[in-house]
Amino acid sequence: MKRTFRYAALLALVAVMGMTASQPESGLAQTADPRPNILFILADDLRASDLRYMPNTRNLMADQGTEFTKAWVTRSLCCPSRATTFRGQYAHNHHVWVNVPPSGGFWKFYDSGLESSTVATWLDKAGYQTVLIGKYLNRYGLNRSGGYAPTTYVPPGWDEWHAWEGDYNSDTRYDINNNGDIDTYLRSDVHDTDLHADTAENFIRSTAGGAPFFMHLSPNAPHAPSYSAPEHAGMFTGTALPRPSSFNEADVSDKPAWVRSKPLLTSAKISGLTNSYRKRLRALQSVDEMVLGLVHTLQDTGELSNTFIVFTSDNGVYLGEHRLEAKAAAYNAAPRIPLLIRGPGVPQGVGRSQMALNNDFAPTLASWAGVTPPDFVDGRSLEPLLTSSPPTSWRSAFLVEHRRSPEEYANVRTIPNYSAIRTGRYNYVEYETCERELYDLNADPAELTNIYNSASQTLISNLQTRLVALKSCAKADTSATSCKTAEDGK
Ligand SMILES: [Ca+2]
Ligand SMILES: [Ca+2]
C-alpha cells in the first residue's frame with residue numbers, strides 16, 4: 001500500500017467517525033494507529049565485541065534496552081543470513097546457501113519466489129508503512145554473471161525503497177534505487193552511511209503521526225573495504241588488534257584438514273588484519289552517529305516511546321582466530337552477533353543469556369505488529385525474553401550450517417560442508433569429510449582443544465541424535481521434526 005493511499009484511508013476513517021479533516025491535528029492524532037513502529041538496524045559483518053567502540057549505541061540501546069549476550073546466526077554468510085532475517089527460516093529450508101547464483105544471492109531468493117512472503121509483505125498487508133534503506137541481498141544490482149547492472153526493480157511488500165546497487169567496492173561513486181529511480185552519489189559529496197541516515201530520518205519525519213512504520217535499515221559498514229567518513233579518518237590509528245587465546249592458534253593438530261592447511265599468520269598478515277580492524281572501527285563511527293540521530297528524530301517526532309529498535313548484524317567475522325579470516329565456519333566469532341533491543345516495555349540495562357537467533361527476527365517483528373507469521377517460519381518470537389520475568393524454559397540448542405559452492409570466494413568454498421549443533425555447553429561439528437569436532441565451551445570457551453576422540457560415547461551419541469533432528473527440521477513438512485521441537489530437545 002502506498003502512503004498516499006493510506007493517508008486517504010485515514011481521512012476516510014476520520015470522516016466515518018464523525019470528524020472532519022479540518023479538525024485540529026490533535027483530532028487526527030487520537031485516531032492514530034496504536035501499533036508500535038519497528039526500526040530494524042542490520043549492520044554488515046559487525047562483531048559483537050565491536051560494540052565497545054560504539055558509545056552512542058551502547059548508551060541508547062544497551063543501557064536503555066536489553067542486550068542478548070548469546071545471539072547467533074545459523075549460517076554466517078551475508079546473503080543466506082539476510083534471507084533468514086526476511087523469512088525466519090534456517091538455510092536448509094530457504095535454500096539460499098551462498099552469496100552468488102545459482103546456489104545463492106539475490107537471484108536465488110528472487111527465482112525461488114521467496115520475496116512473495118517476507119516480514120515486509122506480512123507487515124505491509126497489516127497496514128504498516130514499510131521501507132528498506134541500504135543493502136538488500138548480495139547481487140542485487142548485478143546480473144547473473146556478476147556484471148554491474150543497476151536495476152529499478154522493487155520487491156513486493158515495500159512501500160518505499162532506497163536500495164544499494166551492486167557490490168560495495170567503488171572508491172568514488174555508488175548508485176541507489178530510490179523508489180524505482182537510479183540515483184548516483186559521489187563519495188566526495190556524501191558517505192554512504194550518512195546518506196542512509198538522512199534517508200531514514202526523512203522517512204520518520206514524513207510518516208510521524210500516521211500508520212506505524214517498519215524500517216529495514218542496512219548500512220554496508222563495517223564490511224570490507226570499510227569506507228569511512230572523512231571526519232573519522234584520524235581515529236583508531238594506534239588501536240591494537242584483539243588477541244584472544246584463539247588468535248593465531250599455535251597447535252591446530254586437533255583441527256580438521258582445512259584448518260591444518262592454514263599456515264601460522266605472518267607478521268605481514270597480522271599487520272594487514274590490524275589495518276582492517278582499524279578501518280572497521282572508523283567505519284562504525286558513522287553507524288554509531290546514525291543510531292544517535294535516529295533516536296533524536298524519533299524523540300522530536302513524538303514516536304520514540306512507541307518504537308521498537310533492534311540493532312544487530314548479519315554475521316561476525318574472524319580476525320585471526322584459529323588462523324582464520326572471513327566467516328562461514330562454526331567457531332565462535334563468525335556466527336556470534338551483537339543484538340540490542342529497546343522499546344515499549346523492554347527492560348532497560350539488562351542482559352539475556354538465552355540463545356537468540358537470526359531465525360527469530362521475522363517472528364519477533366511480526367508479534368510486535370500483531371501479525372501471525374506463516375507456517376514455514378522456523379524461529380520464534382523473542383517477546384517472552386523482553387519482559388521482566390522471562391520464561392525458565394527456552395531452546396537448549398540450535399543448528400549452524402554450511403554448504404559450499406564452486407562459485408563462492410575461496411575463504412568460503414574451501415570449508416567443507418558441515419552441520420553443527422551448539423548447546424549451552426558444547427559445539428559439535430560434523431563435516432562431509434567425516435571429520436568431527438567437539439568443544440566443551442565451559443572448559444574451553446576459545447575452542448582450542450577438540451575433544452571428539454576422548455569424549456564419552458553417550459555424549460557423542462546424544463549430540464548426534466539431536467543434530468540429525470536439527471539438520472532436517474522443518475515446520476511445513478509434517479514428516480520432519482519442527483525446528484522448535486528439535487531445538488527444545490523434548
Ligand atoms: Ca555480512
Ligand atoms: Ca588446538
Side-chain angles (χ1 to χ4, degrees), residues 41-48 50 71-86 91 96-100 104-106 134-140 164 167-169 193 216-226 244-262 264-265 276 280 283-284 287 311-339 358 361 402 408-409 411-412 427 429 435-441 443-454:
I41 305 173
L42 184 68
D44 196 344
D45 283 16
L46 179 67
R47 290 160 54 108
D50 293 333
W72 306 89
V73 292
T74 50
R75 166 102 174 99
S76 64
L77 191 63
C78 302
C79 195
S81 175
R82 285 161 194 265
T84 294
T85 292
F86 286 126
V96 179
W97 282 110
V98 289
N99 290 332
V100 295
F106 159 74
K135 179 172 176 177
Y136 178 41
L137 295 165
N138 299 61
R139 293 271 168 137
Y140 176 87
W164 188 268
D167 286 332
Y168 188 53
N169 58 4
T193 304
H216 180 103
L217 175 56
S218 181
N220 287 297
H223 193 288
S226 310
S245 54
S246 55
F247 181 79
N248 209 4
E249 184 173 346
D251 177 2
V252 291
S253 61
D254 61 312
K255 296 276 183 296
W258 76 270
V259 180
R260 292 201 310 274
S261 72
K262 307 270 179 195
L264 272 170
L265 302 172
S276 302
R280 288 167 51 86
L284 277 181
V287 179
F311 185 87
T312 189
S313 175
D314 63 343
N315 53 262
V317 291
Y318 301 109
L319 292 171
E321 290 92 347
H322 316 285
R323 310 183 183 186
L324 302 180
E325 299 171 72
K327 47 222 174 192
Y331 309 115
N332 280 313
R336 259 306 300 281
I337 49 166
L339 177 57
N358 60 337
F361 295 153
H402 167 71
E408 195 53 88
Y409 69 105
N411 277 327
V412 173
N427 183 16
V429 192
E435 293 170 296
R436 301 286 182 262
E437 289 183 280
L438 176 63
Y439 298 95
D440 179 342
L441 304 170
D444 178 25
E447 303 170 317
L448 292 173
T449 306
N450 177 7
I451 57 166
Y452 176 75
N453 288 324
S454 59

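Whatever order the structure lists them in is the order used to number ligands and atoms, beginning at 1.
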Of all the atoms in A250, is at least one N, O or S atom closer to the Ca ion (ligand 2) than 3.0 Å? no
Between N315 and the Ca ion (ligand 1), is there a contact where an N/O/S atom of the residue lies under 3.0 Å from the metal? yes
Please state whether the separation between the Ca ion (ligand 1) and some N/O/S atom of C78 is under 3.0 Å? yes
For a quick check under 3.5 Å, do N332 and E447 share a side-chain donor-acceptor pair by atom type? yes
If every non-hydrogen atom of Y331 is compared with every non-hydrogen atom of W258, which pair is closest and at what distance? CE1-CZ2, 4.2 Å
Nearest non-hydrogen partners of N358 and V73, listed with the distance: OD1-CA, 3.4 Å
Atom name of the N, O or S atom in [X] that lies nearest to the Ca ion (ligand 2):
X: D254; result: OD1
X: D251; result: O
X: E249; result: OE2

Which of the N/O/S atoms in [X] sits closest to the Ca ion (ligand 1)?
X: D44; answer: OD1
X: D314; answer: OD2
X: D45; answer: OD1

To the nearest 0.5 Å, tell me how far E321 CD sits from L448 CG. 11.0 Å
What distance separates E325 CD from S276 OG, expressed to the nearest 0.5 Å? 7.5 Å
Residue pair N99 / R139, side-chain heavy-atom distance below 4.5 Å: no
Identify the residue among R280, K327, R82 that makes a salt bridge (Lys or Arg N to Asp or Glu O under 4.0 Å) with D44. R82
